Structures are given as structure tokens and as C-alpha cells.
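Contents: one structure, followed by commentary.
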Amino acid sequence: MVLVASCKKSAFVEANINPSTLTAVDPGAQFLFASTAYANSFEYYYDYYRAIMPWMQMTTGGAGNSPNFTNEGGNFNYRYGNFYGNVGLALADIPHLISNMTAAQQAQRIDENAIATIYKAYYAFYVSDINGSIPYSQAFEARYGGTLTPTYDTQENLFDSLDLQIKNAVSTLEATTESTQTLYSGNDPFYGGATDQALAWEKAGNALRLKIAARIIKRNSTGAATIINQVLGDANQMSSNADSWVLLVGPAFALQSGNFNPSTFLASAPMVNFFKTYSDPRLPVFFRQVTGGGYVGSPTDPDTCSDAYWQSQYTAKDTPISQLQHRLFTPDYNENDGNGAGTGVGFYPVLTYAEYCFLRADFAFQGLTTDNPSIWYNNGVTASIQFYDARATAAGIVGYTPVTATQISTYLAQTGIAYNATIGEQQIACQAYVDFFRQPSEAWAWWKRTGYPNTSTVLAWQPLTNSGTPLVVPRRVALTLLPTSDANYANQQAAYTQMETDPGFGSSPSDATGRVWWDMQ
Amino acid sequence: MKRTLKPTFAFATLFVAFLLLGLASHAQDKRLVTGVVRDSSGLGVPGVSVKVKGTADSKGAITDDAGAFSLHAAAGEVLVFSSIGYVSKEATVGVNGAVSVLLLKNSSALGEVVVTGFGGRQSTRKLSYSITEVKGSELVAANNSNIGDALQGKVAGVTISQGTGGPSSSSRIQIRGNARLSGNTEPLVVLDGILLQPATTGADSWGTGADYGNIIKDLNPDDYESLTVLKGSAASALYGELGLNGVILITTKKGHARKGLGVTYNQTISNDKAYKYPDLQNTYGGGLSSTFKTDPATGDRLVDISASPYGNAEGNGGYSYGPQFDGKPVKDLDGRVIPWKANNPLKDFFQTGEYINSNVAVEGGNETSTFRASWTNLWNTSVMPNNSMNKNAFTLRATHKLSSILSLDASVNYTSTKVINPIQQGGGGDIQSIGGQGNPVQDFIYLASRGADIGYYKHNYIDPVNGGVKQGLTNDPYLLAASIWPAYQDNNIRNENVLLGNLDLNAKILPWLTGLIRANVQNYNDETQEKYNGPNAGFSGGNYQLIESDYKNTRFQGVLSANKKFGEDFDLNFSVGGETNRQLGGNITTGNTVGGLQTPSLYFLSNSVSAPTISQTYNPTYRYDAIYAYGDLTWKDQLTLTYSLRNDWSSSLTYANGHGDYTYAYPSVGLAWVFTELPQFKNSNSVLSYGKLRGSIGWTGYDAAAYTTNSYGNYGSLTVSNGTFNNASNANQTLYSFSDGQGNYNTTLGNPNLKNELAREVEFGADLRFLNNRVGLDAAWYKKNSFNQIISLPADQESGISSRYINAGNIQNEGIELLLTASPIKTKNFSWDMTVNFTRNVNKVISLYPGVQNYQLQLAFGADAAAYAVAGQTYGLVTTGYGYAKYEGKNSGAIGQKVIGAAPYGTTGNYYTYMRQSDYAPGTQDTLGNIMPRFLWGTFQTFTYKSFVLGIQVDSKVGGLLASATDQYGSETGSLKNTLHGRNTALGGLTYTDANGTHTDGIIPKGVFADGTTIGGTDVGGMTYASAVQQGLVTPVPAYAYYENLYQWSSGIRAQSIFDNSWVALRQVSLGYNLPQSVLRPLHLNALRFTLTGRNIIYIWKNARDGINPEGLYNNQASAFAEGGGLPLIRSYGATLNASF
């Protein structure tokens, strides 16, 4: 008993050491975690498959679109939690991890810091894009002694700040000598395989600035032009699909058994009809043939969906409507064709070369640059087809035949597809829209900005009605309110009140048909 | 693997063998007197000393486990039976040499003792707190492998919630409410000095979970002598923090000094029958139209596609609003012609479960040594096909006197338990995951319409052409194959091995001074395998998972005790001691195949298609030491002062850098006064035959969970929560980020200054006996407050942390416990004994943390409803944003009415429905009530007539909310009876006409439209739906859409399925018969008893909606208040044989 009392504290301390706990990790570990968190299966299911893709008439539900499908009904906006809980949080830790290193080590981690800044800026932009004001400058600091109740940055200030951060990060990357730098290499699933990782991120950073600039054109076209010309003055520009910012994953990442599985959704008639009209080589990449061959899209208009013919099609025993190409989304998909589970590579685009081309085409069309819109349009369409062609092959789509150069040139030569300056903007937007099949949120943003596609564009949407009444497609998140007892209630209220001063904001924070700052009427 | 022996056969053989053994060993004893000593409930009393009056000790005997004894005596000699706690009795040996004795409990309480403290016996007179002792035989009589369930209704102050995941499932044991906010408030279980902490198990609100149960299922009630429940802090404080939720002290049986070997054999065979399903409607089959379409070619009546989940545009289950059942042939969606009748899941799918428990114990001993060896085999299947638990428990307990000073008491328990396919609790109803695990009750009630042929798919769920599970509309129209496949093809198997060893060295140093040195070890390991056959063509796509976990704990204790009388009036007990507890930790290793199995149906890791993943975490190491002093001082045998002081040192409050407040002390003190020792009560005419008043106050400290201080805020691998990253080269990269140190991503912020928690409990009570002890009343009042709880408090995620550890709160439990005992009739041949217990506990949250009002305890329906601890209110307030919205708009006459409007995401048929509160007034929630029961009561009635004993137990819970996912799913598509109303004119449906014609299934929702609702240009805000119908603006809502909108995932009102759950249960009826000695003697048996037992017989009254199982919680966490299917209501009937040789 006396023995017990006299026991040394150190024995107790030792018993409580968790052998699985690390007090520090390499910044690359956090970067890898943040990168893999880019593809969130819940976001895919609830935001993309179930909301944005049907709203953008890319797909419909398994029984068409229901009369209320344009409602933003909760389980939406997974990106918000993914930013604060996963992506942003891990990236925000990188500067702190580096600052705990020796001065010599810190000097080798300058590039890693800059790369983390670019990715974090992208995701903050992506979240604010549909949320408006969000906590940013005071966010993620509780772990380091900072506030538990961060204030919200307005979207205007945030976009400004993000642009500057990316600009500085690109300059930093360009200024460092790579041989002195430790880079993420294998911990960077975006560009870890690139021969010059820093250069790849310089190009991605520049492209990202163009993307942000495009958002603010309506609010501040001069400011947008300044950014665009600054970026284009830099030597390091995306120039091929090899420069595309894409997360590549193995076959066990997005499993058929999980939320990424697209098999309960159907191809839309607007997309299928457009593809069929112009023999678009992306048709077999995006969609599957129906039993007996050929492609059929589901109507997107709820009133059409509910008619007896289509109801019988939705409930028919064989599938008479094209499904999404399973393996493009879940490469392990077992098609029950005797080939078993797939072993291909999956992908999640962040900012591709094709998008870069369409941005430049659009800027050129609007006279913000001196580029030739036709060239960048053609570059964009070609890059998009080649991108999806490569991804389809890598994903192991059964029976897929690679696209030939002739197919692309034939496609581009057709009336309607060939660039026509009088309808240039809608052509650019519609091709961007098709390219954004795997980034539906970006298609949504272009539609908000340009109004394309619509019911009279080259890729024609169907008018959406419910019992004859036109349906309104959401433009932002139906913002939720914190309970009044929440510690950060006051900051959120202040942010919402500020946004409500914008007449376009909508009837209330929860009005998803309202607009955020950049989406000016 | 098949069992090689059927247990019934094996044990019948054994039984015969022991009979023969008995014949052989007793054949030559001619003047042997045998007999049985029983208590008033007819059960044998072990350990009773039997002596021949007026002779030396050596002629005596001690009764065995069954209460049987044998000794040499002549006819006419008088035997004296005595045992602590019982009134001594004499009996004369008859001519036939057989004696049967009824010993009555010593209710004068003079000699009444109970096991308490560190396992020693203590006179109840001296106790200043309330404890309850239950005999081991009473627990065994419940025919239940789970002592938690067996305790139900027996002890005032203890709330039991049964497990519903099959035989292995763990029950929730709550002693005096929830003193902590933690999910686990199970009491400490102490088995012969070995400390066991039961875990919480089961599903959560999001999906399914197989409940393998906790360590309680690995214990063996056949070996229990007695079980004592220590409720208050003054009683449990000696056990330190683990006793904060109360203590269950189990004392196992020992051998006794006796002639020859005593052999007891107990055999129970019992059947579990599922007798009640939720209230299904059995009138209307699958579909939406009351008439059949016919096949133009064959004239067959055709089942409509809307009977199938594939035909439900909203993605829900199949509808049951079709044609009325008539028993005539129809062509089903799978092309088979079947009679049109309602299915019966109880008959079509569930089976009769078996409980076969066999126990053999051999004991013996002499003056210096005793032993008892016991083997128990339990074979337990449930009403769910392919679900079983098989347990083998071996026990050896031996005592030996080393010298006049030293003696040893050693015991070893080894249990090997195999659990196969515990029921998936919760979840289910998932159309997406073909072959995925789901709860069968929910699947049948939700996915399948009422006419779906469950019986056919039970045997025809495999695709006969392609292999794998039947898939698709034409092969599996009701997803029955998908629901049934997992029961047979997704096997979850766990093997557990538990070794408990204890060694006590007792020293009688001086007549007044004793010492105890105790050392024990528990060694645990389990191996869990998930063998999932491939559901796809060619049985591809299977999965294999292997999890191995082990740990080892030790406890070493020393106590020195003194007992001294001072003068005539004072009696002092004083003990000092100390102990060290070490959790030595162990590994948890998990291996998983990825991407399916290369060769189907072969289950090993290297059969994985992609590289298998392996992850490893640790069962934590932990150490806590304590020193203590305790005892009592009694004055004149009537006034006793009890006291204890304990000081703990805990590893879990230290930090890696060496700091931390890791030691803390806490006392208890109490007073017991037997006031009937006063002269004025010594009058023999006094109605009051015994009276004691008691009061105590005790504190208990509590530390953090092991590793808490060194895990949060740090980093680690994420192999458990996020798995690994399968990169583009198909290689798996381990992910590292913020971690809880157990392989899970966790962004909780640690706290560098955590301190111990402290609970304080005040208790007052009285123990009164009247009318010469024929009536007794024990009453207790207590108030327990727990301060400074170590909790993880949620933070706003934008700050970069999900939550942070803090010391916070003051949780209070205040309550009363009453125990009334009475013996209304006592004659030579007939007696009637009864007890009634009553419990009321009020669990309040006095405060949480500055600026924090709510702490979320547990969720229901995903995250649609939750139970909270709310500062200033009762623990377990249920709130939901998905209750009925209450109108608060421009029409002042309509304020408070239910609001009707458009649900934001998907209403069936685009009809208006009731709005949810959080959609109507964002940010607001409804508070529906409380999860905690208002009070509990139970009664036992025992009737003894000669050798027959009839026992009846009724227990009851009143109050407390239950959230039922089954109710939501079952009401959604017309399966449950409550959806009959409004289907047609006869059932109250309204007639209306729309574009498709005239209908009779109209229902008018009772409520007013939300402001801003416009129909055909008319603003209907604040107008009732009925007025809008009158004005021709809307039609009544068809019944199917009304119910689907009211209950479905996207628009349903969850409050509709959260309801008060009270019941009165006829828990147990048993009839026992002791064969008379005249029959036994020729058979050379000492005792033979037959018992028929019915358990969970029926609910005499219950108010759960729609026949939902009122005791179907899907886990045993402190604040669980939801069910998700579980199992149907089950009753069991069985027979038990107890034999002693």
C-alpha cells in the first residue's frame, strides 16, 4: 500500500502515452489528406447527382424529374462542411507545421506553402461561389489559440484577397529555385507525377485567377480585365491536357457500392439529343446505350415526365432510357457482363485545360483580351474531347473505342459546332457546359453568368413546368440559420444582414433563387 | 460447421451417466439421511449448516448448490439447520430417513447480512445506504443469457432496457439515472473482485449495426451465489470512479466441506416465439388502384408495378393501396401466379428460437480444502434465422487453509462464446444497396407491399441462372431477395475468449486483525469475421473482413482489517488498503479485402481483388492506483457510523510532458440507527417489529478516458475512418491528419488542464418491518450531483475544430425508491409472499458550461431528431425541426394551427402536405418531451403450496419518449393499419374529381396554408385546406399521397413517430415442483426440481404506436430513445430440471 502511494508519476505518464499519436506530421501528409478530400461522395450524391445535374438538365432521377425537383431541399452544400471540416482545415495547418520547423527547413518549404495557398484559395472560392459571405480570414484559428467565433468575409473582399494570395503564391513559386525546395511529390495526387511540379502549380494558379476573374466580370469588368491581363502577361500558362488540374484515383476510391455510383440516374434528353444531332464523340463516354442499342434521354420537364408514356418507360422491365456511363464515375463498376469488377482510374477535375481555353475564348469574345475567340473555342472543344477520351480509356469503360483526330475535326466542322461569331458566346458557353459534365457546379456558374444554355441555344434545354407553371432553378444555397444559442450566431446574422442589402439576394437567406454578390442581375 | 452433437442428446446422456454415478457412490450408505433445504420461493439454499442436535461438529454437513445435504443420523434424532440470514430451524429425522426443510429469511434483520464493500459480508443493520441483493438462482430462472435482462423489474432504482439484437445483445442497465453525459453509464460489474466495465453496443441513428453484446454475455449466471446492487455513492465509493454509475457485485459459488462429491445438474430447454409484429393492415395488397389490370392474352389478373419499390417514383417502398385481398390467383411482378393474400412475416420468415442451457457442477471438500468445478454449455438461437450464440463456460473455484493463519481462495473462469449474425438493428429500407445489410422487420414493412411473397423469397433469393442475389424488377420486384440474402450469405461471426483468474490470500493475523491480498487478471480476445458472399453475377463482389482484438487487465489489492470491541457499547471496524489497476492494452487489427474476392465464396484476405487493406489500433493502456480507509463504529448495536476515504492516482489525467492533476481524494460518511432498539419499542405488542433510519453522503471522483489528454489536437493515421487513399497507380497510401489516436479523423481540440470529475450523493432512507416482520417497507430518497464532467463540447466548425474538451456541468439525479414486502398468508401448506418495488428518478441538467445551453446526447432518424441535455431542464429533451409547423401568420384566427404548404424536397404527387417546423420558420425546433421514464414499478407474487411454487412477475415503465423509424417506414407506403383511414368511402375517404376522374380516397389535411401560398391566383395564406376544397381551389389529397408525404424521408413529420412509451408487462410466470424425498431416495437423488417458466409473456397494457416493440432500442447507450426495427415481440416458454446427487 505504501508502495502504491510512492509510485512515481512517470509510470502513470508513460501508461497514458498513446502509441498511435503523432505530435507533428509532414506538411505533405496534410496536403494528401486535403487533396483526397476534394472528391466527397456525399457531395457527389446530394449536390451533383440529385440537385445540380438535374437543374442543369444534364441528367434526371430514375423516374424523371419530380414536380418539386428544383427545390433546394436540404442535404445540399456539402462543400461547406468539407471545407471547414476537411480540406481547408488540413491546408490551414500546413503553414503552422512549417513554422514549427528549423529556419533551414522552413526555407525548403516555401513552395509547399505556396501550393497549399493556391489549393486552399480554390476551395474557399468554390464555397463562397454559392454561399456568398463565409468566414475565411479568421477561420481555422481556434487550434492555434485564435477565435472560436470567426467573423464572415464578404464575397467581394474574399475574391479580392484570394486573387492576391494566388498571385503572390505563383510569384513565390516562380521565384524559388526548385532544387532547394522539398515538394509534396507523391503526396500530391494532382501534380505529383508532373516533371516540374512547381511549374504545374504556377500554371494552375494562373488559370485559377482567370476563373475568379470571370466571376467578377459583371460586378467589375475593369478589375477583371486587369487580373486577366496580368495573368496572361505571365509566361507560365496551361497549354495542354497534361497541365489540367485533376485528381486521379485508383479503382478502389469510388466504389460501386458507395455514393459515387450513378446508376440510379438517367441521361437527359437535351444532352442526348445534342450529342446525337452532332455525333458528339463524348456521347459513349457520358452515357450508356439502352437495351437493344442506341441512346435515349429522359425528358427533364416534370410535366412531360409525368405523362403516361414516360411513366411506362421509367418502370419498364428493360431499361429503355440511357443511364450514365457507370465506370466514368465508379471505375470498379461490375457490369455483370462476365468481365467482373473494373480496375480503371477515376478522376475529379478541378480546373482543366479545356476550361482554361473556354475562359480565354469567352474573354476574347467579350473584348477583355485581344485573343481570337475562334481559336480558343476550337482549342477548348478539342481539349475537352481528348480529355474525356483519355479518361474513358483509363476508366476502363467496356467496349469503348478511342476517338480519332478525324472524328474531332469532322465534329468541329459542322454547322452549329463550327465557331460562328454571331452566336459565339452561346457556343462557347454550351461547349463549356458539355465539358463541365464532371464539374456540374461550374456549368451552373456559367449558366448564371451567361444565361446559357437555355431553351433556344444550340444545345437546347426543355422548358421546365409543373402543371403548366414554369419552375425556377436555384442560383445559390438556401442558407441555414444557426440557433440563437450558438456562439457564432451574431457573426452569422451580421453577414446575412449585410448580404440582404443586395436587392438580388432573395426574399430571405433560405431563398435559393436569390443571388450572391458576383451573380449580379 | 455443423455441431457434431445435438446438445439435447449430449446432455440427456450426461444426465443418465450422473444418475448411474449417483447410484454407484451411494449404494452402500444404509442409514444415510438426505434432504433439501429450501427458502420460501422453493429454491434450494446452499451453504446451510446441518448438525445433529447434541453431537460434535464432525457429524454435520453443509448443503450444496441445490440446497441438498446428506449425513448419518438415526431416526428420531433432531437436526439443526442454521445459516446466516435465515431463522434457524430444527427437524426430526423420520423413519424413511428423508428430511425436507423450509428456511425462512431472517427478517428480524438481526442476523441479515449482504455482500457489500470489497465483497465481504456486512450486517444490514449497519448499512447507512440502500443496497439490494438478488439470489443467483433468481437470475438463472429468467432463462436468459443476459443478467441485465434477468434483473429487469427486480430492483428498485434500476432501469433495464432489453437488448433486441438477438441472444448476444446487451441490455442497458441504469442505476439511479444518468449521472454523466457520457454515452456509457453502465454500472461496474465486480465478479469475485475482478472489475469488469460493460461496453455500449448496437447501431446508431444512421444505419444498421450488429450487436455482438458486451462482456456481460460472457459471464455465467449458473455460477452465481448472489448478486448485490450497490446504488448510492456511499456504497460504491470504495470502488472509485468505476462505481460512479453504481456497482453490481457478483459472488460466485464455492465448494463446501462434505462427505463425498456433490453433483448438481441443471438443464433448461426453452423456446422463443415471435408472437407479435407491428400492426399491419391485411386488407389491401400491393398497388395504387383498387382493381387489377388483366393480361389480354391469358386473362391473368396482374399485380401493378406500383406494388414494387421500382414503381415508386419517389424512390420509396412499394405501395399497399391496391386491390382487396381475395385469396384468388394473380400473376405477380416476377411472373409467378400466386394467391392474392397478405403475407405474414412471423410465419413466412421468422422461426422458433431455442435456448438450451446445460450446467454440471461438482463440488467437494474437507476441513482444509474445498473445490467447485462447473461447466455450462449454452446453445441459443433466436427467432431470426441463422442467428445464434454458443457459449461454453468453465469455472473452478478452490479454497485451502494453508495454516491456522493463512488461507487461499482461488478461482478461474474461462468462457468461449461464438456469436453468429446478430440482428442488424436500425437502418434497413435501403433500395440502393443490393445485398446490403438491413433490419428484416423494416425491410418487410417498408420495401415490400403487403402481398409480397416473403415465404417464397426466403428460399429463392439466389439468382438460379447467373448466381448472386436476384436483382431487378422482374427477378426481385419487392427487394425481398435483397433483404433476405444478407441473413444467409452475409455472415458475421465473432469468437470471444475470456479468462478471469483471481487469487485471494487471507490472513488471520490476530483474533481481531485480518489481512487480504488479492491478485486478479482478465485476459480477453475476440475475432470477428465478416464473410460476405458476392451478390453479383457469378457470386462476384464479395467481401471478407477480419478483426482481432485483445487486452489484458490486472488488479492487485491489499487490505488490513481490524475489528475491536471497546467496552460494552462500542464495536469498531477499521480497514486500510490500497490497490493498483493496470490495463495493459492490446491490439486491434483489421484486415479487409478490397474490390471483391478473386475466387467467390473463399474467405481469406489474400483472396482480395485489389490489395487488401490492413489497419491496426490499440486497446489503450491505463493505470489507476488507490489507497483507502473505511469501516464503521457501532454503539450499543443500534447506532452505526460508517465512513470511507479514498485517494486515487489516475494515468489518464497525466500529460505526455509530465504535468497533470492526477490525484484526488474523496470521502463518504453515513449513519444508521436501529431505533427499535430503544426500550419503548421492546414491547412485544408493538406493531413495528424493526425500524432503521439511515442517512449518508458520499463523493466519487472520475477521470478521463485513457489517452484523452494525449490524443486530441494531435495527429495520426486515418486507417480506420478514411481508410487509405487508393491512388491512380492502384496503390494504397496511408493518410495522416488530425486524429483521435485510434485511426479516426478527428478535429477535436485537446485541453491541457483537465481535472477529475466529482459526484456527490446524499441519501436518506428507512427500513421498517411491521406485524412481526410480516410486512416490510424500505424507502430511500437520494440526490446525486455530478460536477466538472469531462466532455467534448461541440464548436462552430468554421473555427477549425469540431469540438473541444472541457470540464463542465452539474447533472442531478433525485429520486425515491420503495420496496414493500409482505406475507399475507402463511399456513403449514400454503403461503403467499409478495414484493412491490417502485422507482422514481428525476434526471436534471442544472448547468452545462458558460454560454452553452445544449449538449446533444443522441440522434434519431439520421439527424432529424435528437435528445439533448439542456441547462436548467431535464436530461434527454427530444427536439426536432421536423415536427408540425405551427401557423403564426396574418390570419390571427389560425395562429397555432398546423401549417400546410410545399415541402422543399419532393412531395408525392406534388400534393400539399404538412410543413415541417424548420422549413416554415428556419432555425426553430419543437421540443416534444423527455426520454426518461417518469416512474417504474414491479411486483413479484409467490405462492407456495406444499412442494409447488408459483411465481408471477409484473413490471412496468411509465413515461419516456420512443422514436420509431419502423413506424415512419411502415406508415409511408400503406403497410401499417393506421393508413387504412381514408382509402375509400367505407373507410372515411372523401369523394373528389380531378383530371383523371372521380376518386373516393380523399383526405383533407387539418391545417391552414402558409402565408404566401397562391393557388390559381388566389392567396390562400391562413386559409384552411378544407375551405380551399370548398372553394374548389384544391382537391382532397389521395390517401396514398397523404400518408407518404406525412412519413417519407423528404417531407415526413418525424414528430408523428415520436411518442410516449409506457407499458405493463407480465414479465414472468414460473411453476416449480420439488419431487418429494420418498420419490428421490430410491433414485439416490438428493433433490430434483422441475420448473416451467414463461418469460416476456405479454404486455398487459402498452401505448406504443402501431404495435411497435416498446422495448426495441437499437443500442444500450445512456440516452438511446429510438428503435429501428429490432425484432418482433418475443415470448419464451421453457422447462428446467435441477438435480442434485
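Residue numbers start from 1 in every chain, and the chains themselves are labelled A, B, ... in the order their sequence lines are given, proteins ahead of strands. This one's a predicted model, so the numbers in the text were calculated from it and none came from an experiment.
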Could you pull out the closest heavy-atom pair between [X] and [Y], with the gap in Å?
X	Y	value
B:Y618	A:P19	CD1-CG, 3.4 Å
A:L32	B:Q733	CD2-NE2, 3.8 Å
B:N710	A:N16	ND2-O, 2.9 Å
B:G713	A:R143	CA-NH1, 3.7 Å
B:W1049	A:N75	NE1-ND2, 4.3 Å
A:A252	B:N726	N-OD1, 2.8 Å

How many angstroms lie between atom [atom1] of [X] and atom [atom2] of [Y], to the nearest 0.5 angstrom?
X	Y	atom1	atom2	result
B:E798	A:T151	CD	OG1	11.0 Å
B:W649	A:K9	CH2	NZ	13.0 Å
A:Y144	B:I801	OH	CD1	11.0 Å
B:N744	A:S20	CG	OG	10.5 Å
A:T21	B:N714	OG1	CG	5.5 Å
A:N334	B:N536	CG	CG	5.0 Å

Please classify the contact between [X] and chain B as side chain, backbone, both or neither, with a heavy-atom cut-off of under 4.5 Å.
X	value
A:I134	neither
A:T147	backbone
A:Q30	both
A:L97	side chain
A:P251	both
A:Y314	neither
A:Y152	side chain
A:D332	neither

At a heavy-atom separation under 4.5 Å, does [X] approach chain A through its side chain, its backbone, both, or neither?
X	result
B:T663	neither
B:L584	neither
B:A795	side chain
B:Y622	backbone
B:N722	side chain
B:N854	side chain
B:Q797	both

Practice problem: Report yes or no: does B:T621 contribute a side-chain atom to a donor-acceptor pair with the main-chain N or O of A:A15 at less than 3.5 Å? | Solution: yes
Quiz item: Counting N and O atoms only, with roles assigned by atom type, does the side chain of B:R623 sit under 3.5 Å from a partner on the main chain of A:V13, one being a donor and the other an acceptor?
Solution: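 Answer holds: no.
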Pick from [options] with the largest number of heavy-atom pairs that fall under 4.5 Å of chain A:
options	answer
B:P794, B:G660, B:A728, B:G468	B:A728
B:G534, B:G658, B:A611	B:G658
B:G538, B:S308, B:S652	B:S652
B:Q742, B:Q616, B:R804	B:R804
B:S918, B:S306, B:P620, B:S650	B:S650
B:S737, B:S799, B:G800, B:G596	B:S799

Top residue by heavy-atom pair count (under 4.5 Å) with chain B, among [options]?
options	result
A:L247, A:L481, A:T23, A:L148	A:L148
A:N86, A:T480, A:N187	A:N86
A:L89, A:D26, A:V345	A:L89
A:L482, A:L255, A:N466	A:N466
A:P302, A:G85, A:S510, A:A341	A:G85

Exercise. Please step through side chain to side chain donor-acceptor pair (under 3.5 Å) for the pair A:T343 and B:N730, ending with a clear verdict.
Key: CA-CA 8 Å; A:T343 55; B:N730 198 8; over 6 Å; no
Quiz item: Going by heavy atoms in the side chains, are A:T36 and B:L735 under 4.5 Å from each other?
Solution: yes
Quiz prompt | Aromatic ring proximity B:Y745/A:F33, centre distance under 6.0 Å | solution =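 Yes - the distance between ring centres of B:Y745 and A:F33 falls below the 6.0 Å cut-off.
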Under a 3.5 Å cutoff, is there a donor and acceptor pairing between the side chains of [X] and [Y]?
X	Y	answer
A:D93	B:Y715	yes
A:T149	B:D796	no
A:N18	B:S711	yes

